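Residues: numbered from 1 along the sequence shown. Values in this document were obtained by computation on a predicted structure and should not be read as measured data.
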Amino acid sequence: MLIDTRLTFSASQALTASAASTDRIDLETDRDIGPGRTLYLVMNVEVAADATTGNETYQVTLQTDTSGSFPSPADLVTRAIDAGDLSAGSLHVIPVPLTNERFLRVYYTLGGTTPSMTVTTWLTDQEPQAWRALPGAL
């Protein structure tokens with residue numbers, strides 16, 4: 001699978017608390033994206049999520065807003081993921097609804113005593129069933 005840098009929300013983003021993705025997508029106009037094709041939010045875990053105390057929680061949310069500063073973001077899709085499922089190298093694929101506003105970003109909600117993980121997250125229209133790993137990839 002090819003990853004377009006303009007469709008990347010986080011590139012090796014280290015998280016230790018709740019935070020927005022380092023990048024956002026500007027659609028340049030308020031328009032629905034992907035009509036006729038399913039879009040996917042993909043999160044690759046590069047450094048496994050910490051689950052040391054057992055109370056750490058992790059949630060990923062795709063948000064949209066009319067302003068790039070996200071003063072009143074609307075959640076498009078939210079997924080809570082168990083810390084045990086956030087091992088290094090794991091991919092998490094979330095289908096995305098087709099309605100949105102001009103700007104898109106990902107918001108990571110981390111909770112508990114010592115949450116942390118490092119992720120790369122992007123948007124794609126490539127079907128997950130067609131993905132093939134190459135030697136040395138991700």
Side-chain angles (χ1 to χ4, degrees):
M1 165 183 25
L2 300 174
I3 301 172
D4 185 335
T5 57
R6 292 183 297 169
L7 296 177
T8 301
F9 295 104
S10 299
S12 299
Q13 183 173 352
L15 299 162
T16 57
S18 297
S21 55
T22 52
D23 295 306
R24 60 181 166 72
I25 295 174
D26 181 356
L27 301 172
E28 299 181 5
T29 184
D30 185 351
R31 61 187 168 95
D32 293 341
I33 56 174
R37 297 188 77 132
T38 301
L39 295 178
Y40 303 95
L41 178 66
V42 182
M43 183 175 73
N44 176 52
V45 179
E46 295 179 18
V47 175
D50 185 308
T52 303
T53 60
N55 69 349
E56 291 81 9
T57 59
Y58 300 89
Q59 180 176 290
V60 60
T61 303
L62 180 63
Q63 296 181 324
T64 190
D65 206 332
T66 56
S67 170
S69 62
F70 287 83
S72 55
D75 296 347
L76 293 178
V77 62
T78 299
R79 175 85 43 95
I81 304 173
D82 184 80
D85 293 330
L86 294 168
S87 59
S90 63
L91 284 176
H92 301 273
V93 181
I94 304 167
V96 173
L98 299 178
T99 59
N100 53 266
E101 294 173 343
R102 177 177 172 175
F103 294 92
L104 297 169
R105 75 172 181 188
V106 173
Y107 194 84
Y108 307 96
T109 305
L110 280 62
T113 306
T114 60
S116 67
M117 66 177 174
T118 300
V119 298
T120 293
T121 307
W122 67 92
L123 193 64
T124 186
D125 68 347
Q126 296 178 2
E127 294 286 334
Q129 300 84 347
W131 297 354
R132 287 181 290 149
L134 301 175
L138 297 180

Practice prompt. Output, in order, the C-alpha distance, side-chain angles, deciding distance and verdict of side chain to side chain contact (heavy atoms under 4.5 Å, CB included) for V42 and L91.
Written response: CA-CA 7 Å; V42 182; L91 284 176; 4.0 Å; yes

Worksheet entry | Full working for side-chain hydrogen bond (donor to acceptor under 3.5 Å, both in side chains) between T120 and E46 | CA-CA 7 Å; T120 293; E46 295 179 18; 2.2 Å; yes

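Donor-acceptor pairing under 3.5 Å is recorded for the side chains of D50 and T114. Q59 and T78 share no donor-acceptor pair across their side chains, judged by distance under 3.5 Å alone. N55 and T53 form a side-chain donor-acceptor contact under 3.5 Å, judged by distance and modelled atom types alone.
With values rounded to the nearest 0.5 angstrom, D82 atom CG is found 11.0 Å from E56 atom CD. Rounding to the nearest 0.5 angstrom, the gap separating the CG atom in L123 from the CZ atom in F9 is 5.0 Å. To the nearest 0.5 angstrom, Y107 atom OH is 9.5 Å from T61 atom OG1. Taken from CE in M43 to CE in M117, the straight-line distance is 4.5 Å, to the nearest 0.5 Å.
Residues L76 and L104 form a side-chain contact, since some pair of their non-hydrogen atoms from C-beta on lies under 4.5 Å apart. Within the 4.5 Å cutoff, side-chain heavy atoms of D85 are placed close to those of H92. Taking 4.5 Å as the limit, every side-chain heavy atom of T16 sits out of range of all side-chain heavy atoms of L110. With a 4.5 Å cut-off on side-chain heavy atoms, L41 and T121 count as touching. Looking only at side-chain heavy atoms (C-beta outward), S87 and V45 stay at 4.5 Å or farther from each other. Two residues are said to be in side-chain contact when any heavy atoms from C-beta on lie closer than 4.5 Å; T66 and R102 fail this criterion. Y58 has its side chain out of reach of L15: every pair of non-hydrogen atoms, C-beta onward, lies at least 4.5 Å apart. The shortest distance between side-chain heavy atoms of L62 and I94 does not fall below 4.5 Å.
Following chains of ILVMFWY side-chain contacts shorter than 4.5 Å, one can reach V96 starting from I81, so the two form part of one hydrophobic cluster. Follow the hydrophobic side-chain contacts under 4.5 Å out from L98 and you never reach F103; the two are in separate clusters.
For R105 and F70, the positive end sits near the middle of the six-membered ring, less than 6.0 Å away and at most 45° from its axis.
At least one donor-acceptor pair closer than 3.5 Å links the side chain of T64 to the backbone N or O of E101.
When all heavy atoms of A19 and Q13 are compared, the closest pair comes out as CB-NE2, 4.5 Å. Nearest heavy-atom pair across S10 and S21 is OG-CB, 3.4 Å.
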